[in-house]
Engineer: 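Sharing a structure with you now.
These numbers were taken from a predicted model, which means no experiment stands behind them. Along the sequence shown, residues carry numbers from 1.
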Amino acid sequence: MFKNELIVVANDSIDLSDTVSYEDLAGKTYIGSPTMAYTIWVEQYNEGSDKDIIVEYNESDLALQLNLIAENKDYFLIIDAPMYYGFYQPEFSFDLKTATLTDVGGDDFYSYFIVGKGNEQLAEDINKALLEITEEGIAKQISEQFLGGDYAPTADEIKKHTK
């Protein structure tokens, strides 16, 4: 389990503050896969807005989409911060602008480990180990080292969201 933070990754030509909303992105071109939740959220924003975000559907993998952003003015995409800072930026040496996206649907925005039915003991063991490393501060250290920031949940968040 880790806390998701969504960021906007954009070409240098886009002026971004530290945080942006969908409204701030109106008139810019979003690149995304048609079935991604982030694309659906952009489409939903457009349904109720006076000035739309331009949507360019693209089914390429994220590395290729990030290359398109690096090469094109007014292009951006939405991505999990841990995915960008922990993998794509260091792996491909991207030097793109980033900003935290606001209005992403609430505070309970997490990624979870999922185990199949019949594996209740495994789920219990994972949850117990996750709680232990969180309480000891190890989860934060791992998150900072491998994901580029502190995306570790608190012990209270783990207790709230695990069974």
Side-chain angles (χ1 to χ4, degrees), residues 1-12 14 16-22 24-25 30-42 44-45 58-71 75-163:
M1 176 176 167
F2 67 85
K3 294 188 288 187
N4 279 343
E5 177 182 311
L6 293 184
I7 59 171
V8 170
V9 179
N11 181 284
D12 284 344
I14 295 180
L16 296 176
S17 59
D18 291 340
T19 60
V20 294
S21 66
Y22 291 107
D24 297 325
L25 300 167
Y30 166 79
I31 297 175
S33 300
T35 57
M36 287 284 296
Y38 311 145
T39 304
I40 294 167
W41 294 343
V42 168
Q44 289 172 343
Y45 166 80
N58 186 304
E59 295 185 24
S60 300
D61 68 29
L62 282 171
L64 292 175
Q65 290 177 0
L66 288 163
N67 275 325
L68 284 172
I69 289 168
E71 297 168 0
Y75 276 39
F76 74 93
L77 66 73
I78 299 168
I79 188 172
D80 293 350
M83 188 179 297
Y84 181 70
Y85 295 125
F87 178 70
Y88 285 98
Q89 185 184 40
E91 182 70 20
F92 297 100
S93 301
F94 287 115
D95 185 26
L96 300 168
K97 286 186 174 183
T98 61
T100 300
L101 181 63
T102 60
D103 304 327
V104 291
D107 296 329
D108 291 339
F109 196 56
Y110 300 90
S111 289
Y112 297 92
F113 294 105
I114 298 175
V115 297
K117 288 184 179 183
N119 293 306
E120 288 78 13
Q121 185 61 50
L122 176 60
E124 188 177 309
D125 292 345
I126 290 171
N127 292 338
K128 180 180 175 186
L130 183 58
L131 185 59
E132 284 177 21
I133 67 169
T134 298
E135 290 175 335
E136 294 170 5
I138 296 168
K140 178 181 177 180
Q141 292 171 348
I142 292 169
S143 178
E144 288 173 340
Q145 181 178 353
F146 294 104
L147 301 177
D150 180 11
Y151 302 105
T154 65
D156 288 341
E157 290 169 327
I158 292 170
K159 291 173 188 175
K160 177 181 175 185
H161 294 284
T162 58
K163 295 180 182 179

Engineer: Quick one: does Gln65's side chain have a donor or acceptor within less than 3.5 Å of a partner on Ser60's backbone?
Structural biologist: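 Present.
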Engineer: Would you indicate whether the side-chain heavy atoms of Tyr88 and Val9 approach each other to under 4.5 Å?
Structural biologist: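 No, their side chains stay 4.5 Å or more apart.
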Engineer: Please tabulate, for side-chain N and O atoms in residues 141-148, each donor-acceptor pair with protein atoms closer than 3.5 Å (sequence neighbours left out).
Structural biologist:
{"unit_1": "Ser143", "atom_1": "OG", "unit_2": "Gly149", "atom_2": "O", "d": "2.6"}
{"unit_1": "Ser143", "atom_1": "OG", "unit_2": "Tyr151", "atom_2": "N", "d": "2.8"}

Engineer: For Glu132, look at atom CD and say whether over 12 heavy atoms of other residues, nucleotides or ligands are found less than 6.0 Å away.
Structural biologist: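 More than 12 within 6.0 Å, yes.
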Engineer: Does the side-chain contact (heavy atoms from CB on, under 4.5 Å) test come out yes or no for Asp80 and Leu6, once each step is laid out?
Structural biologist: CA-CA 5 Å; Asp80 293 350; Leu6 293 184; 3.2 Å; yes
Engineer: Give the ring-plane orientation class for Phe94 versus Phe92, where under 30° counts as parallel, over 60° as perpendicular and anything between as tilted.
Structural biologist: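 Aromatic pair Phe94/Phe92 classed tilted.
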Engineer: What pair of heavy atoms forms the shortest contact from Phe76 to Leu25, and how long is it?
Structural biologist: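 That closest heavy-atom pairing would be CE1-CD1, 3.7 Å.
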Engineer: Establish, from distance only, whether the side-chain atoms of Asp156 and Thr154 form a donor-acceptor pair under 3.5 Å.
Structural biologist: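 No, because no side-chain N or O of Asp156 sits under 3.5 Å from a partner of the opposite role on Thr154.
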Engineer: Hey, what do you get for CD1 (Ile69) to CD1 (Ile79), rounding to the nearest 0.5 Å?
Structural biologist: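 CD1 of Ile79 is found 8.5 Å from CD1 of Ile69.
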Engineer: Keeping the roles fixed (side chain from Thr134, backbone from Ala139), state whether a donor-acceptor pair exists under 3.5 Å.
Structural biologist: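 No.
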Engineer: To check you understand the geometry: which heavy-atom pair defines the closest contact between Val42 and Tyr22, and what is its length?
Structural biologist: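 So the two residues come closest at CG2-CE2, 4.0 Å.
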Engineer: Check the pair Ile14 / Val8 against side-chain contact (heavy atoms from CB on, under 4.5 Å), numbers first and verdict last.
Structural biologist: CA-CA 11 Å; Ile14 295 180; Val8 170; over 6 Å; no
Engineer: side-chain contact (heavy atoms from CB on, under 4.5 Å) for Thr98 and Leu16? Distances and angles first, verdict last.
Structural biologist: CA-CA 7 Å; Thr98 61; Leu16 296 176; 6.0 Å; no
Engineer: Within a 6.0 Å radius of atom NZ on Lys97, are there more than 12 heavy atoms belonging to other residues, nucleotides or ligands?
Structural biologist: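 Result for NZ/Lys97: enclosed.
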Engineer: Might you confirm whether atom CG of Asp18 has over 12 heavy atoms from other residues, nucleotides or ligands at distances under 6.0 Å?
Structural biologist: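 Not buried by this count: 12 neighbours or fewer within 6.0 Å.
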Engineer: Using a 4.5 Å cut-off on heavy atoms from C-beta on, say whether the side chain of Tyr75 contacts that of Asn58.
Structural biologist: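 With C-beta onward as the side chain, the pair stays apart.
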Engineer: Within this structure, what is the CG-CD distance for the pair Asn11 and Glu71, rounded to the nearest 0.5 Å?
Structural biologist: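 Answer for the CG-CD pair, Asn11 versus Glu71, is 9.5 Å.
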Engineer: Yes or no on side-chain contact (heavy atoms from CB on, under 4.5 Å) for Tyr84 and Leu96, after CA distance, side-chain angles and deciding distance?
Structural biologist: CA-CA 10 Å; Tyr84 181 70; Leu96 300 168; 3.7 Å; yes
